[in-house]
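Single-structure report; data block below.
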Amino acid sequence: MCNLYSSKMPHEAMRQLFAVPAARTDLGNMPALPAIYPKYEAPIVTAEDGQRTLVRSHWGFLTPNKSKKTGNWLKPQAWNNTRDDKIRSASLWSDSFTNRWCLIPATAYAEATGRNPATFHWFNVAGAEGFACAGIWKQQRGTVGDTVIDTLVFSMVTTSPNELAAKYHNRMPLILDSDHYDTWLHGDPDDAFELLEPYPADQMQVIGEGVGLREEPD
C-alpha cells in the first residue's frame, strides 16, 4: 500500500492546478495514466530551485535485490511508499525528507482486498479534478545490484487511515490540502512533519469497486 494510483488530468489542467508555469512543464507526450504501478513513469511537481516544475519521474526508490536461491542479482526493488513514522529515521528516506519534497498529481488511488482474484477499491477527493499526494524524490545514480541507474525517482508518503480508508487498509496515501502545497514544497522538515495526518474522510469517496478493476473507473 499504496501500490496503484492514477493520474488522468490533461497536462494543462495539471499545470494550472499546481500553479506550474508552462515554461517549467517537462512532461513531453506523456499520456493520461489510468493505472500507475511501482517503477512506472509518472508526473511529479518539484521545487528544487524555489520554483515549481512538472517533470517525469519513476515511482520507487531503488535498492539491490539478490535471489536467495541462485545468488544472482535481480531487478532492483522499488520502495514506492515512505511510512510517516519512519520518514525521519530510515536512511533510505531521511535525506530526501530533509531536502527534497514533491507533489504527486493523482486523480484516484486503489486498495485491493482479497486474493485470487482481488477486488480493487478506488478512492478520490470528492468534487476535485485532481489532488496531490505528498512525496519525496531524488536523482538516483550508480549501480544497484548489477543494474546501472541514472534516473529521477520518487516515493509516496503514507500515513494512518481516516475512517473511510480504514475499512480497506491500515494505511493510506498522505493527501495534501491545496493550502499546504507551499509548506510541503518549501517549508523546513518540522513544518512538513506537521502535515503528516490523514485527509478528512468526509472529503473523500469510493468511486468504483470490482474484481480485477486495475484502472481508475470512468
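Quick caveat: nothing in here was measured; it's all calculated off a predicted structure. All residue numbers refer to positions in the sequence shown, counting from 1.
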Worked check of side chain to side chain contact (heavy atoms under 4.5 Å, CB included) between Leu196 and Ile87: CA-CA 10 Å; Leu196 302 182; Ile87 199 168; 4.3 Å; yes

Evaluation steps, side chain to side chain contact (heavy atoms under 4.5 Å, CB included), between Leu27 and Val55: CA-CA 6 Å; Leu27 299 181; Val55 295; 5.6 Å; no

Step-by-step side chain to side chain contact (heavy atoms under 4.5 Å, CB included) determination, Tyr5 to Ile104: CA-CA 10 Å; Tyr5 75 101; Ile104 304 170; 3.4 Å; yes

Side chain to side chain contact (heavy atoms under 4.5 Å, CB included) evaluation trace for Ile36 with Leu4: CA-CA 6 Å; Ile36 302 169; Leu4 176 60; 5.7 Å; no

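Applying the side-chain hydrogen bond (donor to acceptor under 3.5 Å, both in side chains) test to Tyr181 and every residue at least two apart in sequence or in another chain returns nothing. Listed by chain and number, the residues in a salt bridge (Lys or Arg N to Asp or Glu O under 4.0 Å) with Asp26 amount to none (sequence neighbours excluded). Not counting sequence neighbours, the partners of Tyr40 by the ring-ring contact (aromatic ring centres under 6.0 Å, His included) test are Tyr37. Not counting sequence neighbours, the partners of Gln51 by the side-chain contact (heavy atoms from CB on, under 4.5 Å) test are Arg24, Asp49. Under the rule for a side-chain hydrogen bond (donor to acceptor under 3.5 Å, both in side chains), Asp188 has no partner lying at least two apart in sequence or in another chain. Residues forming a side-chain contact (heavy atoms from CB on, under 4.5 Å) with Glu41 (at least two apart in sequence, or on another chain): Met30, Arg56, His58. Considering only residues two or more places apart in sequence or on other chains, Asp95 meets the side-chain hydrogen bond (donor to acceptor under 3.5 Å, both in side chains) condition with Asn99, Arg100. Every residue two or more places apart in sequence or in another chain that forms a side-chain hydrogen bond (donor to acceptor under 3.5 Å, both in side chains) with Asn124 is listed here: Gln205.
Shown here for Gly60 and Ala78, the closest heavy-atom pair between the two residues is CA-CB, 4.0 Å. Pairing each heavy atom of Ala132 with each of Phe18, the nearest pair is CB-CE2, 3.5 Å. Heavy atoms only, all atoms of each residue included: Ser94 and Ser91 are closest at OG-CA, 3.8 Å. The minimum heavy-atom distance linking Phe131 with Ala108 is given by the pair CE2-N, 3.7 Å.
In the hydrophobic cluster analysis, where Ile, Leu, Val, Met, Phe, Trp and Tyr join through side-chain heavy atoms closer than 4.5 angstrom, Val157 is grouped apart from Leu62.
In this structure, CG on Leu33 lies 10.5 Å from CE on Met9, to the nearest 0.5 angstrom. Atom CE of Met14 sits about 6.5 Å away from atom CG of Leu54, to the nearest 0.5 Å. Atom OG1 of Thr46 and atom CH2 of Trp101 lie 12.5 Å apart (nearest 0.5 Å). Atom CG of Asp179 sits about 11.0 Å away from atom CG of Leu195, to the nearest 0.5 Å. Here CD1 of Ile44 is found 10.0 Å from OG1 of Thr53. Values are rounded to the nearest 0.5 Å. Between Phe123 atom CZ and Glu111 atom CD the span is 6.0 Å, to the nearest 0.5 Å.
Within the 4.5 Å cutoff, no side-chain heavy atoms of Met156 are placed close to those of Leu174. Considering only heavy atoms from C-beta on, Asp182 comes within 4.5 Å of Arg52 through its side chain. Looking only at side-chain heavy atoms (C-beta outward), Trp73 and Thr147 stay at 4.5 Å or farther from each other. In this structure the side chain of Pro105 reaches within 4.5 angstrom of the side chain of Val45, judged on heavy atoms. In this structure, Cys133 and Leu176 have side chains that are not in contact, with every pair of non-hydrogen atoms separated by 4.5 Å or more. In this structure, Met172 and Thr159 have side chains that are in contact, with non-hydrogen atoms separated by less than 4.5 Å. Proximity of Ser96 to Phe61: side-chain heavy atoms (C-beta onward) are separated by under 4.5 Å at one or more points. Taking the side chain as every heavy atom from C-beta outward, Gln77 and Val144 never approach each other to under 4.5 Å.
A donor-acceptor contact closer than 3.5 angstrom links the side chains of Trp93 and Thr82.
Sorted pairs that involve residues 197-218 and meet ring-ring contact (aromatic ring centres under 6.0 Å, His included), not counting sequence neighbours, are lacking altogether. Here side-chain hydrogen bond (donor to acceptor under 3.5 Å, both in side chains) pairs that include residues 127-139, with residues two or more places apart or in two chains, are Gln139-Asp150. Applying the salt bridge (charged side-chain N to carboxylate O under 4.0 Å, His left out) definition to pairs two or more places apart or across chains, those involving residues 64-84 are Arg83-Asp85, Asp84-Arg171.
A distance-only check finds no donor-acceptor pair linking the side chain of Thr143 to the backbone of Val148 [under 3.5 Å]. Between the Trp122 side chain and the Tyr109 main chain, no donor and acceptor come within less than 3.5 Å of each other. Judged by distance alone, the side chain of Ser160 and the main-chain N or O of Glu197 form no donor-acceptor pair under 3.5 Å. In this structure a side-chain-to-backbone donor-acceptor pair under 3.5 Å is missing from Trp59 to Trp79.
For the pair Arg88 and Phe193, the cation-pi criterion (under 6.0 Å, within 45° of the ring axis) is fulfilled.
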For residues 206-218, run the donor-acceptor check on the side chains, cut-off 3.5 Å, and write out each pair with its distance to 0.1 Å, sequence neighbours left out.
from, atom 1, to, atom 2, distance (Å)
Glu209, OE2, His121, ND1, 2.7
Glu209, OE2, Tyr168, OH, 3.4
Glu216, OE1, Ser6, OG, 2.6
Glu216, OE1, Thr107, OG1, 2.6
Asp218, OD1, Lys8, NZ, 3.1

